[in-house]
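As structure tokens, the structure follows; a few thoughts come after it.
Excluded from the calculations below are hydrogen atoms, water molecules and symmetry mates; all remaining heavy atoms, backbone and side chain alike, are included. Note that ligands are numbered from 1 as they come in the structure, with each ligand's atoms numbered from 1 the same way. Since this is a predicted model, take the numbers as computed values, not measurements.
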Amino acid sequence: MADTKYIFVTGGVASSLGKGIIAASLGKLLQARGYKVTNQKLDPYINIDPGTLNPYEHGECYVTVDGTETDLDLGHYERFLNVETHRANNITTGRIYQNVINRERRGDFLGKTVQIIPHITNEIKRNILQLGKTGEFDFMITEIGGTVGDIESLPYIESIRQLRWEMGNNTCCIHLTYVPYVAAAGELKTKPTQHSVKELQQEGVQPDVLVLRTERAVSIDIKKKVALFCNVDPNSVIENRDVKTIYEVPIKMMEEGLDTVVLRKFGIPDDRKPDMEAWNNFLYKLKNATKEVKIALVGKYVRLQDAYKSISESLIHASAYNDRKLKLSYILSEDITADNAEEMLSKYDGILIAPGFGERGMEGKVHAAKYARENNKPCLGICFGMQCMAIEIARNLLGYKDANSTEIKPETTHPVIDMMESQKHVLEKGGSMRLGAYACQLKPGSKVADIYKDSIIYERHRHRFEFNSNYEDEFAKVGAVISGINPETNLPEILEIPSHPWYIGVQFHPEYRSTVLNPHPLFDAFIKAAIKE
Ligand code: GLN
């Protein structure tokens, strides 16, 4: 296509309506018609990136190959579209202001007063257009975080208004709202949607398409009513009813014609249908699996399931492809003790020890690792989870009772996990961990070499501490092997116990790489082992 087409996705009425899933679903449908698509997220908060945010504030921090700490919606984009995203795919207000202020200090504005309009809005527009201008994409879908009417999102909506004014037919605006069912009246109510669209119109943006999130079917009459009040075509009012799995949303959106309406808006002929065969195969398996596989996810942020989003989605992908229904239980690591580990964990087919930071719940992860090791339970440790596995082995097989990570106990006499040399002089907390994709060389004949069917793999990282290589030989003597290292720095990346049915800890985050069409080999192998159990 000649010019990149820009699609903006805004949200109204309430947060958490699934803008990210709608944006990813539309991206999928356009991609499945043969177009090149990328998804972008603009986050209206002042943090530079979500890397410094507590998962309870924000959910998981997703890491891209180029080492950017991003919003979890980028995980949805990658899982749905099966293409990688990068730094330019996630922008925050913090970064917008930082860029503008840095330029002000350099003197770039030549004595002008620096203002939200035009300087902040120009910087927002530059960040949107920059991805489009690469010429790589037919469609760019930009999702604006937050809800229309928020003070924070005003400069973004204003930027969209300007872009629409400048580019006209090259843009399309989709607004996602909520249509609640009021039980006492026995009716769906459209007033919140009307108000939300009014708000958007007041800010100068007329949506082209409305997506109505709802629990009940939206009748033609309701669509017509919404269309009339909101100034859109009745065909452009799309029902987005609750479904059991997010992976059904693209199919529902296809049935409702979201992609068709968008193409029509751009004047693009609707001549090829989306090829969703592979997606449907996955969905069929996901929905029709009857036998269960029970996995315990041991972590400290279990009150908010979004905190482990990529892990739970990776487990869903792997389970579906193995014709199993995933029964995932989130277990608060603080609750696990030496005495109750058996009682808490024995009913599961596999144990996943989650990533994390800091002391809270760490001992519980060590108890979980011990239980899994001693009882031949398939166990996958990710990042801090792998580090807890190492601490457990040092304490209970090597007899180093005070073995620890220097993150938790700097004065330990057995620092089996220690700060990476490259981290020792780092003072700033933001964006300063070892981040992004690095190579890992797998040991021939190891379990992981068999699982990956490769000798060099690339996985994404987010950590400051590492396995202390001084202990590698002692670990080998008690049967715990370092089976993956970084070929340049020799940094130990994988720990496994060859004599155990399935006991693998990885310093990296495989969960960032599992997608619907490419389930991750490590999760696949873990689920297979759990099924055997
Ligand atoms: N806190 C550990 C480190 O910094 C592990 C980090 C993680 O699990 N992502 O090394």
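- Ranking the protein heavy atoms by distance from atom 4 (O) of ligand 1 puts Arg464 N, 3.0 Å first.
- For the side-chain hydrogen bond (donor to acceptor under 3.5 Å, both in side chains) with His463, the lone residue among Glu407, Arg434, Gln387 that qualifies is Arg434.
- Residue nearest to atom 6 (C) of ligand 1, selected from Gly358, Gly356, Cys388: Gly356 (by heavy-atom distance).
- In this structure, the ring of Phe357 has its center no less than 6.0 angstrom from the ring center of Phe384.
- Not a single heavy atom of Met433 sits less than 4.0 Å from an atom of ligand 1.
- Each of the following atoms of ligand 1 lies closer than 4.0 Å to a heavy atom of Cys383: 5 (C), 6 (C), 7 (C), 8 (O), 9 (N).
- Asp339 and Thr337 form no side-chain donor-acceptor contact under 3.5 Å, judged by distance and modelled atom types alone.
- Close contacts between ligand 1 and His509 involve ligand atoms 9 (N) [criterion: under 4.0 Å to a heavy atom].
- Between Phe523 and His520, the ring planes lie perpendicular to each other; the angle is over 60°, past the 30° to 60° tilted range.
- Shown are Leu315, Leu328, Val298; of these, the side chain to side chain contact (heavy atoms under 4.5 Å, CB included) with Leu352 is made only by Leu315.
- For atom 9 (N) of ligand 1, the nearest protein heavy atom (residue, atom name, distance) is Arg462 O, 2.9 Å.
- Within the 4.0 Å heavy-atom cutoff, Glu466 does not count among the residues contacting ligand 1.
- Side-chain atoms of Arg462 do not come within 3.5 Å of backbone N or O of Glu69 as any donor-acceptor pair.
- Residues His317 and Tyr247 bring their aromatic ring centres within 6.0 Å.
- Using modelled atom types, no side-chain atom of Glu488 and backbone atom of Tyr438 make a donor-acceptor pair closer than 3.5 Å.
- For the pair Gln387 and ligand 1, the shortest N or O to N or O distance falls below 3.5 Å.
- For atom 2 (C) of ligand 1, the closest heavy atom belonging to the protein is Glu407 OE1, 3.2 Å.
- In terms of polar-atom proximity, defined here as any N/O pair under 3.5 Å, Pro355 makes no such contact with ligand 1.
- Looking at atom 10 (O) of ligand 1, its nearest protein heavy atom turns out to be Phe465 N, 2.8 Å.
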